[in-house]
Q: 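I'd like to ask some things about the structure below.
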Amino acid sequence: MSTAGSMAGPSGADLRDRILGPPPARDGWPAPLAACAEALSAGEVDHLWDPYWTRPGLDARARLVASIATMIALGQEDQLRPYLAGALRSGLLSEEELGELVMHAAGYTGFPKSLAARHVLQAVFDEEEA
Amino acid sequence: VARGRTPDGQDGPAGIDARARSVESISVLMAKSGVEASLRRHIHAALTEGLISAEEIGEVILHNCIYVGYPATWLALGIAREALDLVDAERPAAEGTKA
C-alpha cells in the first residue's frame, strides 16, 4: 500500500548533512586517529543514516526526537549538542519544542540528566544568538 | 591466585597480558558514561608505558562502536585524541605520534 518505498527520498548522507552538517575536518588530529574518525564517519552513514534514517514509516522529525531522547537518557551531552543544534538548523524542531522535549524527559530520566541536557540546550541557544 | 600488575600499578589477575588488559580497560571505560577522565588517564598511561599503539587504540574504539553506539564512540575518539596530544606534548619534539 505504501508508496514511500518507491519514491527516492533523501539519502542517508543527505539527511546527515542536513541535520548535523558534513563531518568536520580532522586537521591537527594524530594521523592514526584521524583515519579512524574518517572510517567512523563513513560507518555512521552506511550503518546508521542509510539503513535507519531513510526508512519510510517514521519521519525524520520523529527520528530526531527519538535520538535526542535516547541521548538525554544515556547522559551523552557531548554528542547531544550537534543534534540539538541540527534540529534548529534543519528546521525539524523549534526552540520551544526542544525546550519541551528536554523538560518532558525529566519525568523519565530524573532531573539531573534533564538539567544536564538543559545546559547543553542553553549553550546551543547562546551560540545561535551570537 | 597469581597476580599481575595493571598499568596504573594496581594488582590484577595474571593469565591475561598487559596489552589485553589495556584493550579491556578502554572498552569498559568507553561503554560507561561519566568516566571520561579515567578513560583519558588510562589511554595516556597505556601509550606512555608502550602497552598499545595509537593505531590499536583507534581500532579498539571503532570495534566497540556497534556495541556502545556512535555517540559514545565519537566521545571516546575525541578523548583518545586528547590523550595522544598530551603524550606528544610530553615527548621530545623529534618523535611525535603525528605523521
Side-chain angles (χ1 to χ4, degrees), chain A residues 12-13 15-16 19-53 63-64 66-86 109-110 112-113 115-117 120, chain B residues 22-23 26-27 29-40 42-44 46-48 50-91 93 95-99:
Chain A
L15 276 168
R16 192 270 317 269
I19 294 168
L20 297 184
R26 306 286 170 189
D27 300 338
W29 277 54
L33 293 190
C36 285
E38 201 176 307
L40 191 59
S41 275
E44 199 168 16
V45 170
D46 291 346
H47 305 300
L48 171 67
W49 291 91
D50 263 340
Y52 300 124
W53 277 83
R63 289 182 190 276
L64 193 53
S67 307
I68 289 170
T70 300
M71 287 188 278
I72 292 174
L74 291 175
Q76 291 169 327
E77 287 87 21
D78 187 73
Q79 289 300 308
L80 186 57
R81 183 168 179 154
Y83 277 79
L84 293 174
T109 65
K113 278 178 173 158
L115 282 173
V120 178
Chain B
S22 178
V23 169
I26 291 168
S27 300
L29 290 171
M30 74 176 281
K32 283 171 69 76
S33 59
V35 294
E36 290 81 9
S38 295
L39 180 60
R40 189 180 301 107
H42 179 86
I43 293 174
H44 177 264
L47 283 167
T48 307
L51 300 180
I52 191 169
S53 70
E55 189 177 12
E56 287 171 324
I57 287 170
E59 291 301 327
V60 167
I61 291 170
L62 279 196
H63 178 85
N64 283 330
C65 180
I66 201 68
Y67 300 95
V68 303
Y70 282 92
T73 305
W74 280 118
L75 181 60
L77 205 54
I79 287 170
R81 188 233 168 157
E82 291 170 9
L84 256 76
D85 282 349
L86 186 58
V87 172
D88 255 4
E90 291 166 352
R91 262 183 196 166
E95 37 158 359
T97 55
K98 280 177 192 169

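The sequence lines fix the lettering, A, B, ..., with proteins before strands; numbering per chain opens at 1.
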Q: Under the side-chain contact (heavy atoms from CB on, under 4.5 Å) test against Pro30(A), which residue among Val87(B), Ile57(B), Leu84(B) passes?
A: Leu84(B)
Q: Evaluate the side chain to side chain contact (heavy atoms under 4.5 Å, CB included) criterion for residues Ser22(B) and His42(B): first the C-alpha distance (whole Å), next the side-chain angles of each, then the deciding distance (0.1 Å), finally the verdict.
A: CA-CA 8 Å; Ser22(B) 178; His42(B) 179 86; 3.3 Å; yes
Q: Please state whether the side chain, the backbone, both or neither of Arg81(A) comes within less than 4.5 Å of a heavy atom of chain B.
A: neither
Q: Please state whether the rings of Trp53(A) and Tyr83(A) are parallel, tilted or perpendicular, taking 30° and 60° as the class boundaries.
A: tilted
Q: Counting only non-hydrogen atoms closer than 4.5 Å, does Leu74(A) touch chain B with its backbone (N, CA, C, O), its side chain (CB onward), both, or neither?
A: backbone
Q: Search all heavy atoms of Ala13(A) against all heavy atoms of Asp50(A) and return the closest pair with its distance.
A: N-OD1, 4.2 Å
Q: With heavy-atom distances below 4.5 Å as the criterion, would you say the side chains of Arg16(A) and Pro23(A) are in contact?
A: yes
Q: Using non-hydrogen atoms and a 4.5 Å limit, figure out which bit of Thr73(B) sits close to chain A: side chain, backbone, both or neither.
A: both
Q: Please look at Leu75(B) and chain A and tell me whether the side chain, the backbone, both or neither of the residue comes under 4.5 angstrom of a heavy atom of that chain.
A: both
Q: Examine whether an atom of Ser41(A) lies under 4.5 Å from a heavy atom of chain B, and if so say whether it belongs to the side chain, the backbone or both; otherwise answer neither.
A: both
Q: Near Glu36(B) CD, under 6.0 Å, is it more than 12 heavy atoms from other residues, nucleotides or ligands?
A: yes
Q: For Glu59(B), which atoms come within 4.5 Å of any heavy atom of chain A: side chain, backbone, both, or neither?
A: both
Q: What part of Glu44(A) gets within 4.5 angstrom of chain B, counting heavy atoms only: side chain, backbone, both, or neither?
A: both
